[in-house]
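Working notes for the structure below.
Read the numbers this way: they start at 1 and go in the same order the structure lists the ligands and their atoms. It should be emphasised that the depicted structure is a prediction, and the values quoted were computed from it without experimental measurement.
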Amino acid sequence: AKMMLKILGELALLGAIASVFVVAAQGRAQERAAEESSGREYMRKLDEIMAEEQKEYWKETMTYFWHEFEDEDLKRMFKKYSILGTSALPEDLNQRLIQAINNMKSTYAKATICDYKNISKCDLTVEPENVAEWWIGEYETEDIEDQLADLWTQVKPLYEQIHAYVRRHLRLKYGDAVSAKGPIPAHLLGNIWAQTWSNVEKFTSPFPDKPDVDVTAALIDQNYTPLKIFQTADEFFKSLNLTGVPDLFWERSIIEKPDDGRDMVCHASAWDFFDGEDFRIKQCTTITNAFFKTTHHELGHIQYYLQYKDQPIVYREGANPGFHEAVGDVIALSVSTPKHLKVMGLLEEGPEDNESNINQLYKMGLDKIVFLPFAYLLDLWRYGVFRGTTTPENYNCHFWQLRDAIQGIEPPAPRSEDDFDPAAKYHVSADVEYMRYYISYIVQFQFHRSLCQLADEYQPGDSTKQLSNCDIYKSTKAGNALKDMLKVGSSRPWPDTMEALTGQRNMDASGVMEYFQPLYDWLKTENERTGEYIGWEPSTVQYC
Ligand SMILES: C=C(C[SeH])C(=O)N1CCC[C@H]1C(=O)O
Ligand SMILES: [Zn+2]
C-alpha cells in the first residue's frame with residue numbers, strides 16, 4: 001500500500017508536470033507569439049518562446065530527484081524531459097545554429113548544458129563530446145557505435161560487389177576516366193551526393209532487354225497528380241487497417257511547390273503539431289518514380305504520428321529515430337514489387353522470371369545498399385567534428401577520406417579546405433541527425449520480413465514466396481502488428497518494441513542480406529566472369 005501510494009503520488013506529480021509542460025508551453029507560447037508577431041515572423045517568434053518556456057520547464061524537472069523514482073515509466077519520462085538539447089542555447093544563438101552551421105562550434109561554446117551522464121552537473125560548456133553523446137544517446141544502447149560498425153561489416157561485401165559491377169559499366173561508358181581498381185568519380189553516379197545510384201540503372205542493368213520497372217512514364221500516362229499519388233499511398237495504409245490521414249491533413253499539407261513566388265525549403269518533411277489532430281507533409285512533388293516512393297516514406301511518418309498521438313507528449317516519437325524513418329519505406333518495399341505495380345496497373349503484365357528478378361533486385365540495390373555507406377559515413381564525420389578529432393583545419397579532408405575509404409568514391413576535382421562539401425547535404429546544413437537513415441535501411445528489412453511472414457507472403461526457403469517479391473497489401477494481420485508497434489511510440493526501449501514485432505532484440509543485417517541474396521550470388525558470378533577487382537585502391541585525386 002505504501003509503495004502504491006508513493007507511485008500514485010509520483011504519477012499524479014508527473015501528470016501535473018506533464019500537462020503543465022505541454023499545455024502551458026504551447027498555449028502561452030502561441031498566445032505570446034501571436035501578440036508579438038505575425039506571418040513568418042510568427043513561426044520564428046513561436047520557436048523563440050517555445051525554447052524559452054521549454055527551458056523553464058526543464059529547470060523545474062531538474063528540481064526532482066527522478067533518478068530515484070521506483071516507477072520505471074515515470075523515470076523514463078523524466079529522463080526524456082531532462083534532455084534539453086539545443087534549446088539550452090539562448091534563442092538567438094539557436095536560430096544562428098539552425099541557420100548557420102559553419103559557426104556551430106562558437107555558438108555551442110557559449111551555451112552551458114548538463115553533463116550527459118551526470119544531470120546534476122550543469123555548468124558544462126557544450127564540449128564536442130556532449131553533442132555526439134546526445135545524438136548517440138537517442139539510441140539508448142551502450143555499444144551502439146560498435147553495433148553500427150558490425151552492421152557495415154555484414155553488408156560491405158555486397159556493397160563491394162555492386163561497386164565493382166557499376167564501376168565496370170561506367171568504364172565501358174566513360175573509358176579511362178574511371179580507373180579499373182580505384183574509387184568511382186562521384187559525378188558519374190547520377191546523384192549530387194552520390195548517395196544512391198538509381199540514375200545509372202538504365203545503362204548498367206544486368207538484363208537490359210527485360211521490361212523496365214520504372215513507373216514514371218505510367219504515372220504520367222495515367223494522369224497521376226501529386227494529390228492522386230498521395231491518395232494512392234494513403235489507400236495502401238488503410239488497406240492494412242491502419243489509419244487514413246484526416247481531412248485537416250489535406251487542408252494544411254503542401255504537396256506541390258508553391259507557384260506564388262514564395263521560397264520554400266523543398267526537402268520533403270513530415271510534421272506533427274502535437275495536438276492530436278494536425279499532421280502535415282511539405283513536399284514539392286513531381287510525377288516521378290522517386291516521388292512515388294518518397295510519398296510513401298513521408299506518409300510513414302504521418303502514420304506513426306497518428307498511431308502514437310494518445311501517448312504522453314514525451315513518448316510521441318519513434319522507438320528510436322531509425323524506426324521513424326523505416327515505416328514508410330517498409331510499405332514502399334511492398335509497393336515497389338512488380339507484383340503490386342501490376343495490381344495498380346502501373347506495370348505491364350510480363351514475365352517474373354529470374355532475370356527480371358535480378359533486374360528488380362539490382363534496381364533496389366542501387367537505392368538501398370548503395371545508400372548505406374553514405375549514411376554511415378556522414379555521421380561518422382559529424383561525430384568526429386563534435387568530438388574534436390576532426391578540427392576545422394581538416395573538415396573537408398576528413399570528409400573525403402571517409403568517402404574514399406568507406407564509400408569507394410572520389411571527388412570529381414581536387415578539393416581543399418577552401419571547400420566545405422559536407423554542407424552540400426541538407427541534413428548537415430539543417431543540423432538533422434543522419435544515422436537514423438542508416439539504421440532505417442537495416443531494420444526496415446527486419447520489419448518487412450516479419451510482416452511478410454504474417455501476411456503469408458514469405459516463407460524461409462520457399463522459392464515461391466521470396467522476401468523480395470512480398471506484398472503485404474490488404475493484410476490486416478500484418479497491418480495490426482505494425483500498428484501495435486507504432487502505437488508504443490518511445491514509451492518502451494526500442495529492443496522491446498522490435499522484439500514484439502520481429503522476435504529479435506537487436507538490429508542485424510540478416511534481413512537485408514536475405515532480401516538481396518539472389519543479387520549477391522549473381523554479382524559474384526558476373527564480377528568473377530569479367531575479372532573485376534573487388535574493392536578499391538586509395539584515390540589519387542588531391543583532396544587533403
Ligand atoms: C525523405 C527524407 C525526409 Se525524412 C530524407 O531526408 N531522406 C530519405 C532518404 C534519406 C534522406 C535523404 O534524402 O538524404
Ligand atoms: Zn523521413
Side-chain angles (χ1 to χ4, degrees), residues 98 101 135 138 148 186 189-199 226 229-230 233 237 245 253-257 264-272 279-286 288-308 316-333 335-336 363-382 399 403 407 409 421-445 447 486 489-490 512:
I98 290 167
I101 187 85
W135 278 10
E138 286 298 297
L148 296 173
L189 290 160
N191 175 279
I192 190 171
W193 306 284
Q195 71 180 64
T196 52
W197 302 350
S198 305
N199 286 330
I229 287 180
F230 272 81
F237 285 89
V245 297
S253 290
I254 298 175
I255 61 173
E256 288 184 80
K257 186 174 175 63
M264 185 177 94
V265 173
C266 264
H267 189 84
S269 56
W271 301 74
D272 183 353
F279 311 100
R280 307 177 198 178
I281 284 175
K282 178 165 64 77
Q283 183 174 298
C284 302
T285 313
T286 56
T288 63
N289 190 55
F291 265 113
F292 188 57
K293 278 191 338 184
T294 301
T295 299
H296 288 85
H297 175 95
E298 295 305 329
L299 281 175
H301 290 303
I302 300 296
Q303 191 59 223
Y304 222 149
Y305 301 150
L306 287 166
Q307 293 306 331
Y308 61 46
R316 292 188 205 172
E317 55 185 2
N320 75 39
F323 279 46
H324 228 298
E325 297 306 332
V327 178
D329 285 8
V330 165
I331 302 302
L333 286 175
V335 171
S336 54
K363 179 190 188 71
M364 295 298 288
L366 291 179
D367 178 15
K368 299 293 185 181
I369 302 301
V370 160
F371 176 74
L372 286 169
F374 172 79
Y376 182 45
L377 73 86
L378 197 66
D379 274 1
L380 282 190
W381 178 78
R382 283 195 283 187
F399 176 68
R403 292 269 258 178
Q407 204 178 357
I409 66 155
D421 298 322
K425 184 61 197 166
Y426 168 78
H427 299 69
V428 173
S429 291
D431 189 26
V432 177
E433 187 259 359
Y434 208 78
M435 201 58 88
R436 64 186 65 180
Y437 299 106
Y438 175 71
I439 286 171
S440 161
Y441 278 46
I442 296 288
V443 301
Q444 66 186 248
F445 289 93
F447 299 160
L486 302 182
S490 68
V512 65

If we ignore hydrogens and angles and just use 3.5 Å, is the side chain of [X] paired with the main-chain N or O of [Y] as donor and acceptor?
| X | Y | answer |
| --- | --- | --- |
| T196 | D367 | no |
| T294 | H297 | no |
| T295 | F291 | yes |
| W193 | A186 | no |

Exercise for the section: Measure from the Zn ion (ligand 2) to each N, O or S atom of H301 and report whether any distance is below 2.8 Å. Expected result: yes
Handout entry: K293 bridged to D329 by N-O distance under 4.0 Å
Key = no
Practice task
Kindly state whether the ring of Y308 and the ring of Y304 have centres lying under 6.0 angstrom apart.
Solution key: yes
With heavy-atom distances below 4.0 Å as the criterion, list the atoms of ligand 1 near [X].
| X | result |
| --- | --- |
| A268 | 3 (C) |
| E298 | 1 (C), 2 (C), 3 (C), 4 (Se) |
| F371 | 10 (C) |
| Q195 | 12 (C), 14 (O) |
| H297 | 1 (C), 4 (Se) |
| K425 | 12 (C), 13 (O), 14 (O) |
| E325 | 4 (Se) |
| H301 | 4 (Se) |

Assign the ring pair [X] / [Y] to parallel, tilted or perpendicular, where the plane angle (0 to 90°) is split at 30° and 60°.
| X | Y | value |
| --- | --- | --- |
| F447 | F323 | perpendicular |
| F374 | F371 | tilted |
| H301 | Y305 | parallel |

Exercise for the section: Report yes or no: do E256 and T285 form a side-chain donor-acceptor pair below 3.5 Å? Expected result: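 E256 vs T285: no donor-acceptor pair found between side chains.
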Practice task
Would you please say whether a donor-acceptor pair under 3.5 Å links the side chains of H267 and Q283?
Solution key: no
Can you tell me which portion of [X] lies within the under-4.0 Å heavy-atom range of ligand 1? Options are side chain, backbone, both, or neither.
| X | result |
| --- | --- |
| W193 | neither |
| Y434 | side chain |
| Y441 | side chain |

Exercise for the section: Among the N/O/S atoms of H297, select the one at the shortest distance from the Zn ion (ligand 2) and name it. Expected result: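 It is NE2, the N, O or S atom of H297 closest to the Zn ion (ligand 2).
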Completion exercise
Of all the N, O or S atoms in E325, the one nearest to the Zn ion (ligand 2) is OE1
Handout entry: Nitrogen or oxygen atoms of H427 and ligand 1 under 3.5 Å apart
Key = yes
Practice task
Considering only non-hydrogen protein atoms, determine which one is nearest to atom 7 (N) of ligand 1 and report residue, atom name and distance to 0.1 Å.
Solution key: Y437 CE2, 3.5 Å
Practice task
Could you tell me the residue and atom name of the protein heavy atom closest to atom 13 (O) of ligand 1, and the distance to it rounded to 0.1 Å?
Solution key: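 Protein heavy atom with the smallest distance to atom 13 (O) of ligand 1: H267 CE1, 3.5 Å.
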